[in-house]
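In listed order, ligands and their atoms are each counted from 1.
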Amino acid sequence: MSYAQEIYQHVVEKNAHEPEFCQAVKEVLDSIEPAIAVHEQDYRNVALLERMVEPERSVTFRVPWLDDNGVVRVNRGYRIQFNSAIGPYKGGLRFHPSVNQSILKFLGFEQTFKNSLTGLPIGGGKGGSDFDPKGKSDGEVMHFCQSFMTELYKYIGADRDVPAGDIGVGGREIGYLFGQYKRLTGVYEGVLTGKGLTFGGSLGRTQATGYGLIYMLEEMMRHHNQALQGKQAIVSGSGNVAIYAVEKAQAKGMKVVAMSDSNGYVYDPAGIKLDIVKEIKEVRRGRIREYAEIVDSAQYVEGSSIWKLPCEIALPCATQNELTLADMQALHDNGCRVVAEGANMPTTREATDYALEKGMIFMPGKAANAGGVATSALEMTQNSMRLSWTFDEVDQRLQRIMIDIYQKTADAANRYGCPHNYVLGANIAGFEKVAEAMVAQGVC
Ligand code: NDP
Ligand code: 2IT
């Protein structure tokens, strides 16, 4: 059995109750096998893979808070500090009822390789809580965030671990978390990214993941001699990543005909009117169903798969395992030939394998959605320098970073004789830098 397969067996034995984590490890280990073969003995000597699949540290804590009726509520908080070989832990916080250790470990593991791909000095981490911000008042969200930070502040810092947003955590939550960190430590530092623009946030961070996804898509399509202009797309989700992916896609002349949330999707053959989605989602925190109540050309479909709709390009931007084998088959049957992941691991393994077998162009999340964390790293840079760049300065850097990630991914795929297998390319390119740093730093 190869070294990678041995380690996968070991991960499954030790973490059988963590399916998402095992899934993410399998995908990475399967695709880096050829890169490991080259240095197998050196890596075995320092137990490189054994260390890479074990978080450096994970903390779990109680988060008690008072709701608006004066009732004490208790949630569970987590921070997984996965790998600090190339920089301080960096990665988002997710607040969603589905959050558990398996999901955060998969996200922290993926984040390590994603952050490596950005070329910036950031390690991998992830955290969050099973708290559900939906339907909570601003006061309740603030009380929760303050209690969450009252534990978390012990483990983070601008040069130690720098959390940010993810599902259910946006500007509002980051603001409350930052305020509480400052109050507890007395230190004003860039301990979180995605901050408001009046207290150290970076212009362009809100847009970065979605814009970055489209910059990546454009670069990738250019290498396949195709343009974005006129292409019909479907974007799942209607949160931060989805909204700014649609904004940039439309600016590039694409036509986006559907978006979704966890209840259903809206199909608008006339093209999604993004100002209406923004009003519903960013201002009113409402449901995507409301779009079809406002826009005559649109219809709302509850509970069914958005991927059954015809399109040329599919951009899953909601959550893990949202695009299954049946969905990928439907996409392919309907003429879709390009998938780029805005979310983390939105495509199941079977669906990914099917897409690659059919020769679809497939860019995995750790490359395609890295623009968010890359711009977080730019926010950290600006905080350290105590200055702020203009929107254009940040956006130019983001574009260069996405093009560079494409190049590294494509180069690694070519080097290992699998041109256009961007899953393999991104995993190997991300892995190589982390591996080199870990070997150089000795057994730690
Ligand atoms: P948001 O909370 O802003 O939006 C999430 C969207 O996905 C919402 O439309 C939500 O619908 C939907 N969604 C969430 N969970 C589920 C579920 N279990 N089933 C179906 N739909 C669901 O999060 P983001 O846009 O920030 O994140 C989306 C994805 O992108 C995640 O995978 C995240 O890890 C990834 N990502 C985010 C980055 C960022 O900078 N924010 C960077 C890189 C990746 P509803 O409102 O109904 O819950
Ligand atoms: O998955 C991700 O890359 C994020 N949620 C963004 C993390 C960050 O630190 O900006």
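Among all protein heavy atoms, the one lying closest to atom 4 (O) of ligand 1 is G239 CA, 3.2 Å. Among protein heavy atoms, the minimum distance from atom 24 (P) of ligand 1 is reached at V241 CG2, 3.9 Å. The nearest protein atom to atom 46 (O) of ligand 1, hydrogens excluded, is given as R287 NH1, 3.5 Å; this is a heavy-atom distance. From the protein, the heavy atom lying nearest to atom 9 (O) of ligand 2 is K90 NZ, 2.6 Å. Looking at atom 3 (O) of ligand 2, its nearest protein heavy atom turns out to be K114 NZ, 2.7 Å. Ranking the protein heavy atoms by distance from atom 16 (C) of ligand 1 puts T319 CG2, 3.6 Å first. The shortest contact between atom 35 (C) of ligand 1 and any protein heavy atom is with N344 ND2, 3.7 Å. Given atom 3 (O) of ligand 1, the protein heavy atom at minimum distance is N240 N, 2.9 Å. The protein heavy-atom contact nearest to atom 2 (O) of ligand 1 is G168 N, 2.9 Å. When hydrogens are left out, the protein atom nearest atom 14 (C) of ligand 1 is I167 CD1, 4.0 Å; that is the closest non-hydrogen contact.
In this structure, atom 33 (C) of ligand 1 has protein heavy atoms in its sub-4.0 angstrom surroundings.
Considering CD of Q399 and CD of E219, their distance stands at 10.5 Å, rounded to 0.5 Å. Remark: K308 NZ to S304 OG distance equals 6.5 Å, nearest 0.5 Å.
In this structure, E27 pairs ionically with K366, as a charged nitrogen and a carboxylate oxygen lie closer than 4.0 Å. Between R172 and D138, at least one side-chain nitrogen of the basic residue sits less than 4.0 Å from a carboxylate oxygen of the acidic one, meeting the salt-bridge criterion. Salt bridge present: K281 and D261 bring a charged side-chain N and a carboxylate O closer than 4.0 Å.
Below 4.0 Å from some heavy atom of K126 lie the following atoms of ligand 2, by number and element: 1 (O), 2 (C), 4 (C), 5 (N). Taking a cut-off of under 4.0 Å to the non-hydrogen atoms of A164, the atoms of ligand 2 that pass are 8 (C), 9 (O), 10 (O). Interface of G92 with ligand 2, defined as ligand atoms under 4.0 Å from a residue heavy atom, comprises 7 (C). Every atom of ligand 1 with a heavy atom of C317 under 4.0 Å away is listed here by number and element: 28 (C), 29 (C). Within ligand 2, the atoms closer than 4.0 Å to a non-hydrogen atom of R205 are 6 (C), 8 (C), 10 (O), numbered from 1 in the order shown. Distances below 4.0 Å separate heavy atoms of S238 from the following atoms of ligand 1: 9 (O).
When A368, A318, A164, G237 are checked for heavy-atom proximity to atom 28 (C) of ligand 1, A318 turns out nearest.
Within the structure, ligand 1 has K134 among the residues with a heavy atom less than 4.0 angstrom away. Residue contact check for ligand 1: H96 places a non-hydrogen atom closer than 4.0 Å to it. Heavy-atom distances between R94 and ligand 1 reach below 4.0 Å in at least one pair. Under a 4.0 angstrom heavy-atom cut-off, S98 registers as lying outside contact with ligand 1.
In T209, the part holding a heavy atom less than 4.0 Å from any atom of ligand 1 is the side chain. When non-hydrogen atoms are compared, ligand 1 lies under 4.0 Å from the side chain of R205 (C-beta onward) but not from its backbone. Under 4.0 angstrom from ligand 1, there are no non-hydrogen atoms of P346. With a 4.0 Å cut-off on non-hydrogen atoms, N344 touches ligand 2 through its side chain and not its backbone.
Not one N or O of D261 is nearer than 3.5 Å to an N or O of ligand 1, by distance alone. Among the atoms of A242, none of the N or O lies under 3.5 angstrom from an N or O of ligand 1. In terms of N/O distances under 3.5 Å, ligand 2 is approached by S376. Distances between N or O atoms of G165 and those of ligand 2 include at least one value under 3.5 Å. For ligand 1, one of its N or O atoms has an N or O atom of S262 under 3.5 Å away. In terms of polar-atom proximity, Q320 is not counted as a contact of ligand 1, lacking any N or O under 3.5 Å from an N or O of the ligand.
Cation-pi geometry between K182 and Y188 is not satisfied (NZ or CZ under 6.0 Å from the ring centre, within 45° of the ring normal). For the pair K114 and F109, the cation-pi test (distance below 6.0 Å, angle within 45°) is failed.
In this structure, a donor-acceptor pair under 3.5 Å is present between the side chains of Y211 and E247. Counted by atom type alone, E20 and S102 present one or more donor-acceptor pairs between their side chains at under 3.5 Å.
In D67, the CG atom is crowded: over 12 heavy atoms of neighbouring residues, nucleotides or ligands sit closer than 6.0 Å. Heavy atoms from other residues, nucleotides or ligands lying under 6.0 Å from CG of D333 number more than 12. Atom NZ of K154 sits in a crowded spot, with more than 12 heavy atoms from other residues, nucleotides or ligands closer than 6.0 Å.
In terms of heavy-atom proximity, V373 sits nearest to K90 at CG2-CG, 3.7 Å.
Aromatic pair F131/F144: ring centres closer than 6.0 Å. Taking the ring centroids of Y176 and F148, they lie at or beyond the 6.0 Å cut-off. Aromatic pair Y155/Y89: centroids not less than 6.0 angstrom apart. Under the 6.0 Å cut-off for aromatic ring centres, H223 and H420 do not qualify, their centroids lying 6.0 Å or more apart. Taking the six-membered ring for Trp and the full ring otherwise, F362 and Y422 have centroids separated by 6.0 Å or more.
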